[in-house]
Q: 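Please read through the structure below; I'll follow up with questions.
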Amino acid sequence: MENKKEKVADFKTAISSTVRSLSNSEKIEVSFGNESSKSDINSIRLPELSSINNKLNYNQIRAIADSKSLRHRFSDPKIFKQFEPDGNISKQLYRISEKIRCEKIGTSYFKGVKNNIETFYQNRISGLDLKSSEDKIIESFENYLRTKFLDFENNAQIDKKLKSYKKNLKIKSIN
């Protein structure tokens, strides 16, 4: 049991160091789950490390940490807020666009980060149950941006899930 606690502590230390490096900020605070943080502005909250079939969700945490670190590094909160649209879905799509933009910049510098994010995203979207049309719109939009800007490839199952919205997202060429 002590060995597992040591491994979790070592992983948290490694993730925290990676976050500081990717975000280009030594002052950034990393918290997991419900751990409290001193600052909301200069902190990144990650999910709690949880066991899934006796295996910790290392890949998920790494990908989320990478994505949030890139957002911290390449996004200006004041500018983001200045141009934020009204409406729930519009705000979600705007947030997704900014996340993908930051991931695109960061993954051009850090190839391992791209692998972490792509693996996590493929696993996440494969397990989604898209019942509401709002979820389909949001996930289709994110998927469209990921395939266009990050060169992610969908498997047949994902393409089938998002097919009905994919055609609406394609940009029509002007003749």
Q: Could you tell me if the side chain of T18 sits less than 4.5 Å from the side chain of D66, heavy atoms only?
A: yes
Q: Hydrophobic cluster membership, with links at side-chain heavy-atom distances under 4.5 Å among I/L/V/M/F/W/Y: are L150 and L70 in one?
A: yes
Q: Quick one: does Y121's side chain get under 4.5 Å of N143's, heavy atoms only?
A: yes
Q: To the nearest 0.5 Å, what is the distance between CZ on R73 and CG on L22?
A: 7.5 Å
Q: Quick one, N59 and N116 - any side-chain contact, counting heavy atoms below 4.5 Å?
A: no
Q: Under the side chain to side chain contact (heavy atoms under 4.5 Å, CB included) test, which residues partner S25, sequence neighbours left out?
A: S23, K27, I28, N42, H72
Q: Is E98 salt-bridged to R95, cutoff N-O under 4.0 Å?
A: no
Q: When you measure from the side chain of R45 to the backbone N and O of E35, does any donor-acceptor pair fall under 3.5 Å?
A: yes
Q: Could you check whether any side-chain heavy atom of R71 comes within less than 4.5 Å of a side-chain heavy atom of F80, counting everything from C-beta outward?
A: yes
Q: Can you list the steps and then say if E139 with I125 is a side chain to side chain contact (heavy atoms under 4.5 Å, CB included)?
A: CA-CA 8 Å; E139 293 300 333; I125 199 160; 4.3 Å; yes
Q: Going hydrophobic residue to hydrophobic residue with side-chain gaps under 4.5 angstrom, can you get from F152 over to I96?
A: yes
Q: How about I117 and R146: do any of their side-chain heavy atoms sit closer than 4.5 Å?
A: yes
Q: Taking Y58 as the starting point, is it possible to reach L46 by hopping between hydrophobic residues whose side chains are less than 4.5 Å apart?
A: yes
Q: For F149, what residues pass the ring-ring contact (aromatic ring centres under 6.0 Å, His included) criterion, not counting sequence neighbours?
A: none
Q: Salt bridge or not for K99 and E103, using N-O below 4.0 Å?
A: no
Q: For the side chain of R101 and the backbone of F74, is there at least one donor-acceptor N/O pair under 3.5 Å apart?
A: yes
Q: Is the backbone N or O of T13 less than 3.5 Å from a side-chain atom of S17, with the two atoms forming a donor-acceptor pair by type?
A: yes
Q: Is L49 close to K12 at the side-chain level, that is, under 4.5 Å between some pair of heavy atoms?
A: yes
Q: Assigning hydrophobic clusters by single linkage (Ile, Leu, Val, Met, Phe, Trp, Tyr; side-chain heavy-atom cutoff under 4.5 Å), is V30 placed with F11?
A: yes
Q: Check the hydrophobic clustering (I, L, V, M, F, W, Y; side-chain heavy atoms under 4.5 Å; chains of links allowed) and say if L93 and F83 are grouped together.
A: no
Q: Which atom names give the shortest non-hydrogen contact between C102 and S75, and what distance separates them?
A: SG-CB, 3.8 Å
Q: Could you check if a side-chain atom of N34 sits within less than 4.5 angstrom of a side-chain atom of E48, using non-hydrogen atoms only?
A: no
Q: Can you give me the closest heavy-atom contact between I64 and P47, atom names plus distance?
A: CD1-CG, 3.7 Å
Q: Could you grab the distance from atom NZ of K114 to atom CG of D151, nearest 0.5 Å is fine?
A: 4.5 Å
Q: What's the shortest heavy-atom distance between T107 and K111, and which atoms?
A: O-NZ, 3.7 Å
Q: Kindly say whether I105 contributes a backbone atom to a donor-acceptor pair with the side chain of S108 at under 3.5 angstrom?
A: yes
Q: Kindly indicate whether the side chain of K68, heavy atoms from C-beta on, has any atom under 4.5 Å from the side chain of V19.
A: no
Q: Could you tell me whether Q82 atom CD has more than 12 heavy atoms of other residues or ligands within 6.0 Å of it?
A: yes
Q: Mind checking the NZ-CG spacing from K91 to D86? Nearest 0.5 Å is all I need.
A: 6.5 Å
